[in-house]
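The basis for the numbers below is simple: all heavy atoms, side chains too, and nothing from hydrogens, waters or symmetry mates. Quick note: residue numbers are just sequence positions, from 1.
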Amino acid sequence: MTALLPPKPPALPDGSERVRPAAAGRSARSTRPGLAWTLPATVFFLLFAVIPLIAVVVLSFMSWRGIGEPKFVGMENWQELAGDPVMLKSLWLSLLFIVLGVATQTPVSMLLGVWAAGPQRNRAVLSAIYFVPLLLSSAAISVLWRALLDPNFGVPSQFRWLFGDGNLFGHQATAVGVIIFVSMWQFTPFHTLIYQGAARAIPQVLYQAAEIDGAGRARTFFSITLPQLRNSIITSVILMVVGGLTTFETVLILTNGGPGTDTTITAFYMFEQAFRRFDFGIGAAVALVLVIVATTISLIMVKVSGYDKMRSTMEGV
């Protein structure tokens, strides 16, 4: 009987017994949170993400005016969308908004974030003032800029030598430019916070070594700061892509999709179909297109950038 018992672990120099690795593993596993800890988040995700998404998928194959019973129509909604030139135009406009938003917000927010992470005098006060737009709602900001840029009583009416007829909302190029500018004014502080936190996490020893080697500010930024911000750049751009595809209040208040349909992006087109024409089947199909496009672009960016293969907790490593 004694031969069948497992041997005792060898004793340590102080006379105490060694802890078996298996026992240590069981002890570590016993301290980990169980599945019950994830239950609130799982229920929240199911109620407000998975179930509504399933409902949108089902509704995209229905014809429903908001009253009565939905009627199954098969692929009619999708065929109508495929042949609607406004829908195709809205997708191209949404992609244009994304490209222009990334091109304008990324360099500005990156430079401001790196600057805000430094030891400059009055940095905290200036950063707090700059972050004020982040505290306002999109509707309030759009109403503010709509009043400021009003062609009859706003700033353009006082500087017609610069703004021409003063109607910035009457031409596609200027209307798109206004929307991009207002979005940049509102959301750049958010992305600045991302870069500020990432810049503060960069080890100072890298900058000290660069200073010893005689590297200037420009060389230090492009050789150390920019590579170390790689993960944050990818995260920020993905958020910009999703935000650009879901922009709605800004377009509704500033241009109402005009002139004509020149600023009718996909999210606004979805609103028009569902809540102005009361065709909730088409609106659900447009919403599903937005989900598919946003997910596809995000996955492509993650795959191309190699973000999914980064396992280090340090930026850019």
Side-chain angles (χ1 to χ4, degrees), residues 40-102 137-139 142 172 175-176 179 183 186-187 237-302:
T42 303
V43 173
F44 185 87
F45 182 72
L46 288 174
L47 290 178
F48 297 99
V50 176
I51 295 177
L53 182 59
I54 295 174
V56 168
V57 173
V58 174
L59 189 58
S60 67
F61 298 98
M62 301 286 184
S63 176
W64 188 46
R65 297 290 177 178
I67 300 176
E69 294 292 332
K71 179 183 177 183
F72 181 77
V73 293
M75 298 296 296
E76 289 185 11
N77 293 332
W78 294 96
Q79 291 173 357
E80 183 176 344
L81 282 182
D84 189 354
V86 179
M87 174 62 187
L88 300 178
K89 182 180 180 180
S90 70
L91 286 174
W92 285 112
L93 282 173
S94 297
L95 294 178
L96 176 64
F97 274 56
I98 291 173
V99 172
L100 293 177
V102 172
S137 66
S138 298
S142 300
Q172 183 182 31
V176 170
I179 295 174
S183 299
Q186 178 184 4
F187 294 110
V237 171
I238 291 176
L239 292 175
M240 290 181 189
V241 169
V242 177
L245 288 173
T246 57
T247 298
F248 169 70
E249 307 99 312
T250 306
V251 175
L252 175 66
I253 297 174
L254 288 177
T255 65
N256 198 28
T261 58
D262 287 342
T263 57
T264 299
I265 59 176
T266 309
F268 184 80
Y269 180 77
M270 175 187 65
F271 164 78
E272 279 194 325
Q273 295 296 323
F275 297 101
R276 286 184 175 175
R277 300 180 181 178
F278 295 101
D279 194 340
F280 290 95
I282 294 290
V286 177
L288 197 57
V289 170
L290 278 175
V291 172
I292 295 173
V293 172
T295 304
T296 302
I297 295 177
S298 300
L299 291 177
I300 291 175
M301 291 180 57
V302 170

Would you say Thr266 and Leu93 make side-chain contact, with heavy atoms under 4.5 Å? no
To check you understand the geometry: which heavy-atom pair defines the closest contact between Ser298 and Ile238, and what is its length? OG-CG2, 3.8 Å
Side chain Thr261, main chain Gly257, donor-acceptor under 3.5 Å: no
Step-by-step side-chain contact (heavy atoms from CB on, under 4.5 Å) determination, Thr42 to Leu46: CA-CA 6 Å; Thr42 303; Leu46 288 174; 4.2 Å; yes
For Thr246 versus Val242, what's the shortest heavy-atom pair and its separation? OG1-O, 2.9 Å
Least distance between heavy atoms, Ala82 atom then Leu88 atom: O-CD1, 4.1 Å
Is there any salt bridge (Lys or Arg N to Asp or Glu O under 4.0 Å) pair reaching into residues 79-100, and which pairs are they, with sequence neighbours excluded? Lys89-Asp262
If we only count heavy atoms from C-beta on, is the Ile265 to Ile179 side-chain gap below 4.5 Å? no
Which pair of heavy atoms, one from Ala287 and one from Met270, lies closest together, and at what distance? CB-SD, 3.4 Å
Any chance you could measure Glu272, atom CD, to Leu252, atom CG, to the nearest 0.5 Å? 9.5 Å
Please lay out, stage by stage, how Leu288 and Trp78 fare under the test side-chain contact (heavy atoms from CB on, under 4.5 Å). CA-CA 10 Å; Leu288 197 57; Trp78 294 96; 3.6 Å; yes
Between Ala175 and Thr263, what is the shortest heavy-atom contact and its length? CB-CG2, 3.9 Å
OG of Ser90 to CG of Leu95: how many Å apart, nearest 0.5 Å? 9.5 Å
Value for CZ (Phe45) from CD1 (Ile51), rounded to nearest 0.5 Å, stands at 11.0 Å
So how far is it from Leu81 CG to Met75 CE, rounded to the nearest 0.5 Å? 10.0 Å
For residues 54-68, tabulate all N or O donor-acceptor pairs below 3.5 Å that involve a side-chain atom, not counting sequence neighbours.
from  : atom 1 : to     : atom 2 : distance (Å)
Ser60 : OG     : Val57  : O      : 2.6
Trp64 : NE1    : Gly68  : O      : 3.0
Arg65 : NH1    : Arg277 : O      : 3.1

Distance, nearest 0.5 Å, that separates CG of Leu100 from CZ of Phe97: 8.0 Å
Backbone N/O of Thr250 and side chain of Ser138: donor-acceptor pair under 3.5 Å: no
Contacts satisfying salt bridge (Lys or Arg N to Asp or Glu O under 4.0 Å) that involve residues 92-101 (not counting sequence neighbours) are none
Side chains of Met87 and Val289, heavy atoms from C-beta outward: is any pair under 4.5 Å? yes
Going from OG1 on Thr295 to CD1 on Ile300, what distance comes out if it is rounded to the nearest 0.5 angstrom? 11.0 Å
